[in-house]
Peer 1: 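The structure under discussion is supplied below as structure tokens; questions concerning it will follow.
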Amino acid sequence: MAGTEKTSEKTNMCNVFLSFKSLLIFIYNIIYSLISALSGNQFMKPKFPLKNGIAFNNMVDVAAGNNNVILTKRIKEVWEIPGPRPLPFFGTLLTSPALKSSDLSTANEERQKQYGNIVKEEHFWNIPLIMVLGSEDIKKIARVNSIIRPGMEILTLYRSFNPNLYTSLGLVNSQGAMWKKLHQTFAFVTSMKFVRPMLPIFDEITTDTLDILSKNSSKTVETFPQVLNKFISEVSFYVAYGKRVGFVGNQNNALLEASKLAQFSNCHDTYWHAFHKSMYGFPWWKYVPTKVWKEFTVAEDGMMQTIADITDELLKTETAGGVLELVEKDAIPRTDWSNRACTVLHTLIVTLYWISKYEHVYNRVLEELKQVLLTKDSPFTDEVMDQIPYLKACVMETYRICPVACNVARLVDHEIQIGDYKIPPFTPLILQTWHACLQDSNFYQAKEYLPERWLLKNGVSPFQPHDRQVMHNFGIGARACPGRRIASDLIHIFLAKILRKFTVKFPQNLDIRYEWLLVVKEPVVIELKEHDL
């Protein structure tokens, strides 16, 4: 893989496109929004005449005979879906409290109470966003085979401007034939045959990470998220290349010097923050090179330069393993690091928090771990993975009660009926899966942290109701997260090792907010006390 070009040259090239091509799109969208506003902001809604003196607004057919009137329910249009009042150009971004709230759970409760199970919000340019809150509607859409995952706009735009650096938009952002090709190429990543042989290395990386925490002079650790990021980066590079890089562990065998690894970590943090900012407010970065655009592109370039350096070194010496060994070099898209990192980081912190919060949960987890990990430094093996049902139940409960991805955005390539409404093709559908998971109609005492609900007997939970079909923490169907098996194994290994080695306490409550994803706001402080045995 060739090294990347200089950031300034690529940024200038992007700016040319942003200045001309995107300006035309900007003008078009203004015209579209004005037309929408002048037409009553309801897509030129049709007029329903009177038949036999009966208003025709709520029926599709009227038949009169023998003084009887038969009313048939009419399938309504998308603009008739209830929701906050939209404004021209701004949609409901200024009028909807839910779209401005960092407390998504409360916002969805208010949405459903005021408008029902299906709610229409509108984005910039008055593009409808359909919020799906009802569990039956969520399950119906999840069963559709032809659902499409919307791409990440800022990443898609940047990569489309740099075809010399990217052979595709990546597995997450590609659509159609390119996505099918990438999906087939990398399908092996989700298989147990690929992941399970890596458990000894995952265990080794976890041990090296816990050694960093053990060397802390104070029992209070104020840099826990930063340590976890090093752990996740080391594992990610190993999966990609089959080689340890050196974020944790022995620096003498590192492929790159510590300064370059630190630079990669800094770029990753900047990348994620810029990506998050791009999801809010008016997307000026689509039309002019804003600060968000510059931060994102510089961070992306920095990460890709590190990846290119490692790849070139391994290809020279023919010592590459992992994914690089199993696929053709030209088929490898640039790696998307942020999603896996965010999922693992969030789940580790939140699960540790919940386990430590409830003494009976912590005691049961520790009892289970002591039976399979005889000492605090015992290796985590394939056999151990199959003997920790209660710890796995705790992770599943975290996925349910506090998932990092609390809703699923999808498009359907054909017209679909949801409730009483006809939804046109490619209308954005936001499935509020976290909201469904917190309803007592779907889960027993849904707002309580109850890992025991996942200790199934013959596939049935001892606590009913238990509707697993509304829970989609890794996405839906073929477009689900391709790294889900790796992420799950990492979470189980790290939790087992840290809880077996340390007593973990959180001196203060976690500050969890909705910022496109559910995120744990820093600082995250933990207290660790190492066990004697």
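Values reported hereafter were calculated over all heavy atoms of this structure, with side chains retained and with hydrogens, waters and symmetry mates removed.
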Peer 1: In terms of side-chain heavy atoms, does T270 have a donor or acceptor partner in E295 at a distance below 3.5 Å?
Peer 2: no
Peer 1: Give a yes or no on whether Q464 atom CD has more than 12 heavy-atom contacts from other residues, nucleotides or ligands under 6.0 Å away.
Peer 2: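 Atom CD in Q464 is crowded, with more than 12 foreign heavy atoms closer than 6.0 Å.
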Peer 1: Taking I401's backbone N and O only, do any of them form a donor-acceptor pair with W434's side chain (distance below 3.5 Å, no angle check)?
Peer 2: yes
Peer 1: Salt bridge between K219 and E530, side-chain N to carboxylate O under 4.0 Å?
Peer 2: no
Peer 1: Please determine whether side-chain hydrogen bond (donor to acceptor under 3.5 Å, both in side chains) holds for the pair T375 and S378, giving the CA-CA distance in whole Å, both sets of side-chain angles, and the decisive distance to 0.1 Å.
Peer 2: CA-CA 5 Å; T375 72; S378 293; 3.0 Å; yes
Peer 1: For E368 and L391, indicate whether the former's side chain and the latter's backbone hold a donor-acceptor pair under 3.5 Å.
Peer 2: yes
Peer 1: Could you check L155 against E300 for side chain to side chain contact (heavy atoms under 4.5 Å, CB included), going step by step and ending with a plain yes or no?
Peer 2: CA-CA 9 Å; L155 185 59; E300 171 88 351; 3.9 Å; yes
Peer 1: Can you check salt bridge (charged side-chain N to carboxylate O under 4.0 Å, His left out) on R513 and D103, steps first, answer last?
Peer 2: CA-CA 6 Å; R513 303 179 191 177; D103 183 359; over 6 Å; no
Peer 1: Given side chain to side chain contact (heavy atoms under 4.5 Å, CB included), test F463 with E448 step by step and report yes or no.
Peer 2: CA-CA 12 Å; F463 298 93; E448 299 297 322; over 6 Å; no
Peer 1: Within a 6.0 Å radius of atom NZ on K370, are there more than 12 heavy atoms belonging to other residues, nucleotides or ligands?
Peer 2: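 No.
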Peer 1: What's the spacing between D208 CG and E234 CD if we round to 0.5 Å?
Peer 2: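 Going from CG on D208 over to CD on E234, the span is 8.0 Å.
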Peer 1: With a 4.5 Å cut-off on side-chain heavy atoms, are V344 and V235 touching?
Peer 2: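 No - every pair of side-chain heavy atoms lies 4.5 Å or more apart.
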Peer 1: Could you tell me whether a side-chain N or O of H346 sits under 3.5 Å from a main-chain N or O of C402, the two making a donor and an acceptor?
Peer 2: yes
Peer 1: Kindly determine whether W293 and F296 satisfy ring-ring contact (aromatic ring centres under 6.0 Å, His included), including the steps that lead there.
Peer 2: CA-CA 5 Å; W293 175 263; F296 180 85; 7.1 Å; no
Peer 1: Give the intermediate values and the outcome of side-chain hydrogen bond (donor to acceptor under 3.5 Å, both in side chains) for residues T503 and H531.
Peer 2: CA-CA 7 Å; T503 298; H531 297 153; 3.0 Å; yes
Peer 1: Could you give the distance from NZ (K497) to CD1 (I493), rounded to the nearest 0.5 Å?
Peer 2: 9.0 Å
Peer 1: Are the charged groups of R196 and D489 less than 4.0 angstrom apart, N to O?
Peer 2: yes
Peer 1: Main chain of A496, side chain of K501: is a donor-acceptor contact present, judged purely on distance under 3.5 Å?
Peer 2: no
Peer 1: List the steps, then state whether side chain to side chain contact (heavy atoms under 4.5 Å, CB included) holds for H492 with V395.
Peer 2: CA-CA 8 Å; H492 295 143; V395 174; 3.7 Å; yes
Peer 1: I need the F494 CZ to L499 CG distance, nearest 0.5 Å.
Peer 2: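 Nearest 0.5 Å value for the CZ-CG distance: 9.5 Å.
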Peer 1: Report the C-alpha distance between Y444 and H466 in whole Å, list the side-chain angles of each, state the deciding distance to 0.1 Å, and finish with yes or no for ring-ring contact (aromatic ring centres under 6.0 Å, His included).
Peer 2: CA-CA 7 Å; Y444 174 79; H466 185 85; over 10 Å; no
Peer 1: Between Y449 and C394, is there a donor-acceptor pair closer than 3.5 Å when you use the side chain of the first and the backbone of the second?
Peer 2: yes
Peer 1: Taking side chain as C-beta onward, heavy atoms only, is F224 less than 4.5 Å from L345?
Peer 2: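 A side-chain contact is absent here, since even the closest heavy-atom pair is not under 4.5 Å.
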Peer 1: Is the F247 to F237 ring centre distance short of 6.0 Å?
Peer 2: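 Between F247 and F237, the centre distance is under 6.0 Å.
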Peer 1: With salt bridge (charged side-chain N to carboxylate O under 4.0 Å, His left out) as the test, would you mind laying out the steps for R400 and E397 before giving the verdict?
Peer 2: CA-CA 5 Å; R400 184 194 70 83; E397 186 68 344; 2.9 Å; yes
Peer 1: Within the 4.5 Å heavy-atom criterion, are D467 and M471 side-chain neighbours or not?
Peer 2: no
Peer 1: Name the residue from Y362, Y358, F506 that meets the ring-ring contact (aromatic ring centres under 6.0 Å, His included) definition with Y353.
Peer 2: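 The single option meeting the ring-ring contact (aromatic ring centres under 6.0 Å, His included) with Y353 is F506.
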Peer 1: I'd like to know whether OH of Y390 has more than 12 heavy-atom contacts from other residues, nucleotides or ligands below 6.0 angstrom.
Peer 2: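 Yes - once you tally the heavy atoms of other residues, nucleotides and ligands closer than 6.0 Å, there are more than 12.
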Peer 1: Is there side-chain contact between L104 and Q432, with at least one heavy-atom pair below 4.5 Å?
Peer 2: yes
Peer 1: Just by modelled atom types, is the A98 backbone N or O under 3.5 Å from a matching donor or acceptor in the S101 side chain?
Peer 2: no
Peer 1: Ignoring hydrogens and geometry, is there a side-chain-to-backbone donor-acceptor pair from D203 to F380 under 3.5 Å?
Peer 2: yes
Peer 1: Can F202 and T207 be said to form a side chain to side chain contact (heavy atoms under 4.5 Å, CB included), step by step?
Peer 2: CA-CA 9 Å; F202 292 170; T207 299; over 6 Å; no
Peer 1: Between Y271 and D301, do the side chains contain a donor N or O and an acceptor N or O under 3.5 Å apart?
Peer 2: no
Peer 1: Measuring only between side-chain heavy atoms, which start at C-beta, is V525 closer than 4.5 Å to V221?
Peer 2: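 Result no, sub-4.5 Å side-chain heavy-atom pair not found.
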Peer 1: Is the count of non-hydrogen atoms from other residues, nucleotides or ligands lying under 6.0 Å from K230 atom NZ greater than 12?
Peer 2: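 No, not enclosed.
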Peer 1: Does I349 reach the side chain of L510, with side-chain heavy atoms less than 4.5 Å apart?
Peer 2: yes
Peer 1: Whether E367 and R500 form a salt bridge (side-chain N of Lys/Arg under 4.0 Å from carboxylate O of Asp/Glu) is what I want to check.
Peer 2: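 So R500 does not pair with E367 through a salt bridge.
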Peer 1: Between the main-chain N or O of I430 and the side-chain N or O of N407, is there a donor-acceptor pair closer than 3.5 Å?
Peer 2: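 Checked: no pair found.
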Peer 1: Please test F474 against Y399 for ring-ring contact (aromatic ring centres under 6.0 Å, His included), starting from the C-alpha separation and ending with a verdict.
Peer 2: CA-CA 9 Å; F474 282 107; Y399 288 154; 5.4 Å; yes
Peer 1: Spell out, as yes or no, whether a donor-acceptor pair under 3.5 Å connects the side chain of Q387 to the backbone of E383.
Peer 2: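 It does hold such a pair.
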Peer 1: How about V119 and Q112: do any of their side-chain heavy atoms sit closer than 4.5 Å?
Peer 2: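 Contact flag for V119/Q112 side chains = no.
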Peer 1: Walk me through it: do Q439 and E109 pass the test side-chain hydrogen bond (donor to acceptor under 3.5 Å, both in side chains)?
Peer 2: CA-CA 10 Å; Q439 303 307 304; E109 294 285 354; 3.2 Å; yes
Peer 1: Is there a donor-acceptor contact under 3.5 Å from the side chain of R159 to the main chain of N173?
Peer 2: no
Peer 1: Evaluate whether atom NZ of K447 has more than 12 neighbouring non-hydrogen atoms of other residues, nucleotides or ligands under 6.0 angstrom away.
Peer 2: yes
Peer 1: Quick check: do I388 and L369 have side-chain heavy atoms less than 4.5 Å from each other?
Peer 2: yes
Peer 1: For the atom pair OG (S278) and NE2 (H273), what is the distance rounded to the nearest 0.5 Å?
Peer 2: 13.0 Å
Peer 1: Run the numbers on Q226 and E522 for side-chain hydrogen bond (donor to acceptor under 3.5 Å, both in side chains), then give the verdict.
Peer 2: CA-CA 10 Å; Q226 290 77 12; E522 296 187 23; 3.1 Å; yes
Peer 1: Using 0.5 Å steps for rounding, measure from the CZ atom of F264 to the CG atom of N229.
Peer 2: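 Atom-to-atom, F264:CZ and N229:CG are 10.0 Å apart.
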Peer 1: How many angstroms lie between OG1 in T220 and NZ in K505, if you round to the nearest 0.5 Å?
Peer 2: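 Rounded to the nearest 0.5 Å, the OG1-NZ separation comes to 11.5 Å.
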Peer 1: Quick check: closest heavy atoms across P482 and V189, and the distance to 0.1 Å?
Peer 2: O-CG1, 3.8 Å
